[in-house]
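Quick notes on the structure that follows.
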Amino acid sequence: LTRPDAAPSEAPAFGFALHATDGTARRGTVTTAHGEIRTPAFMPVGTLGTVKCLYPEQVRATGADILLGNTYHLMLRPGAERVAGQGGLHRFMNWPHPILTDSGGFQVMSLAKLRKITEKGVTFQSHVDGSRHELTPERSLEIQGLLGSDIQMQLDECVALPADRREMERAMELSLRWAARSKAAFFGRRGHGLFGIVQGGDDEELRARSAAGLVEIGFDGYALGGLAVGEPQEVMFRVIEATAPALPADRPRYLMGVGTPQDILGGVARGIDMFDCVMPTRAGRHGLAYTRYGKVNLRNARHADDPRPLDAASDCPAARDWSRAYLHHLVRTGEALGAMLLTHVNVAYYQSLMAELRVAIETGRFAEVKAQIEADWARGDI
Ligand SMILES: CNc1nc2c(CCNCc3ccccc3)c3nc(N)[nH]c(=O)c3cc2[nH]1
């Protein structure tokens, strides 16, 4: 609730402004209670209220405008009411900028035990201590409200691909009914938005029905769910091409769980505004670096005597001020600093890619910038 005496100017209304397009690529700004998000945007994942191995100020310094939190993880540990008691997730994790939280359904299906999906919602056993829990569209939004996230996601059901059409249709129609219940249950404090999630698997007719149903209900933004679940990249791109045009141009489009730099480049080209993926943070903890010339596996012995930094031209200190030989040593010995430095390298690389794409769209040079980025990746890390 905004305080009754809150001056209207205190919390900006949730909004999206489209500044430029180049082909189907879009350059915009999402406005939330905790600040603005420059799109196309990559959202680092902060599952348990932390972007693993990085200080929030380091994440901010890479250029990230928004982080992801997760209903499933935080409802189990430390509990949504406890986070609310500490002033909400922004205060709890000392990140005073926008936060998006996923609704938890996807994580229940991929992490929890003994899951049961009914019309009402989903019941499951915690993967942590076996305790039983229930998530409904209403309870998910109550939790996201307690966390205080600026962008909240409806509870949905995502089916793994390949799936048969009846299964994709059933999950899509259930998600649509849950979308309507989410909209009814959402008490949008000023500057906070609710996104619907398009389902429908790899079936274009189901996707069109899902998109039309969500637009009919009306949301502050629209996510493409049900992708990056094992399908080939060309299937994902075909589904985006069939779905994006069915969504309103004046609302943000969020491709959930995507992806590699190549997936993101293709998603931006097809009209996607927001992305999230565990890749840059998870890969950093496993010794894998993302650079402008492609991936570098620092576990590989070929780096043992290489004095060069990962990228001398990078504005990220972790990519510039340490040698590959040293990074190799840290990774091989399992030193914490190895995970810290490579996570920093990867999150900074993803943000530098998004910044380069934002400028390319603003200046009408998206096609040539995309081609140059792809050429640099093809050149590989010499
Ligand atoms: C990796 N591929 C993929 N991820 C998907 C997700 C989760 C997105 N990431 C959220 C997250 C937040 C915090 C911590 C970790 C993850 C989805 N979420 C929902 N609600 N619905 C989807 O269809 C759906 C489909 C996905 N595919």
Side-chain angles (χ1 to χ4, degrees), residues 41-52 59 64 66-77 83 89 93 95 98-112 115 117 121-122 127 135-137 140-141 143-144 147 149-161 163 167-168 171-172 174-176 178-179 182 194-202 206-207 210-211 214 219 221-233 235-236 239-240 243 253-260 263-264 267 272 274-283 285 347 350:
F42 178 78
M43 306 182 282
V45 160
T47 306
L48 282 156
T50 151
V51 176
K52 297 182 185 343
V59 179
I66 177 170
L67 293 185
L68 246 63
N70 196 283
T71 294
Y72 172 76
H73 297 87
L74 291 168
M75 72 188 278
L76 299 181
R77 287 181 299 180
V83 174
L89 190 55
M93 67 183 289
W95 171 264
I99 293 175
L100 181 151
T101 45
D102 200 358
S103 47
F106 182 83
Q107 289 75 27
V108 167
M109 300 318 285
S110 47
L111 288 170
R115 298 101 46 168
I117 294 187
V122 55
H127 72 288
L135 262 186
T136 63
S140 176
L141 286 182
I143 290 169
Q144 296 178 70
L147 298 174
S149 67
D150 301 278
I151 300 177
Q152 303 178 20
M153 304 306 293
Q154 70 155 95
L155 185 69
D156 61 328
E157 185 189 349
C158 167
V159 294
L161 292 180
E167 188 56 9
M168 295 192 294
M172 182 276 282
L174 175 63
S175 296
L176 258 188
W178 284 358
S182 301
L194 174 67
F195 281 21
I197 303 177
V198 181
Q199 292 293 349
D202 59 3
L206 294 177
R207 286 278 171 178
S210 178
L214 291 173
F219 287 92
Y222 298 87
L224 277 70
L227 293 170
V229 288
E231 78 285 356
Q233 186 189 63
V235 170
M236 179 173 77
V239 169
I240 298 170
T243 309
R253 299 155 184 177
Y254 163 26
L255 179 56
M256 304 191 84
V258 174
T260 65
D263 292 338
I264 289 173
I272 300 295
M274 298 162 74
F275 301 84
D276 89 273
C277 188
V278 297
M279 201 93 73
T281 40
R282 183 174 297 168
R285 298 194 301 279
V347 172
Y350 267 65

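Start at 1 with the first residue, then count along the sequence. Every number for a ligand or one of its atoms is a count from 1 in the order of the listing.
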Using a strict 4.0 Å cut-off to heavy atoms of [X], name the atoms of ligand 1 that fall inside it.
X	value
T47	14 (C), 15 (C)
L68	10 (C), 11 (C), 12 (C)
I197	20 (N)
G225	22 (C), 23 (O)

Could you tell me if the side chain of [Y] sits less than 4.5 Å from the side chain of [X], heavy atoms only?
X	Y	value
M43	M274	yes
D102	L68	no
P44	L67	yes
F42	F275	yes
Q107	T71	no
D202	M168	yes
Y254	D276	yes
I117	M109	yes

For [atom], which protein heavy atom lies nearest, and how many Å away is it?
atom	value
atom 2 (N) of ligand 1	A228 O, 2.9 Å
atom 9 (N) of ligand 1	D276 OD2, 2.9 Å
atom 12 (C) of ligand 1	N70 ND2, 3.3 Å
atom 20 (N) of ligand 1	D102 OD1, 2.8 Å
atom 24 (C) of ligand 1	F106 CD1, 3.5 Å
atom 1 (C) of ligand 1	G257 O, 3.5 Å
atom 27 (N) of ligand 1	L227 O, 2.7 Å
atom 15 (C) of ligand 1	V45 CG1, 3.5 Å

Rounded to the nearest 0.5 Å, what separates atom CG in L74 from atom CG in L48?
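The CG atom of L74 sits 6.0 Å away from the CG atom of L48.
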Backbone or side-chain N or O of [X] under 3.5 Å from ligand 1 N or O:
X	answer
D156	yes
Q154	no
Y254	no

Looking at ligand 1, is there an atom of it that comes within less than 4.0 Å of some heavy atom belonging to [X]?
X	result
Q199	yes
Q107	yes
G69	yes
G226	yes

For a quick test of reading the model, state the closest non-hydrogen atom pair linking Q144 to S103 and the distance between them.
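That closest heavy-atom pairing would be NE2-CA, 3.6 Å.
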At their closest point, which heavy atom of Y350 faces which heavy atom of G259, and how far apart are they?
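Nearest pair, atom of Y350 first, then G259: OH-O, 2.8 Å.
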Short side-chain to backbone donor-acceptor contact, R207 and V198, under 3.5 Å
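Yes.
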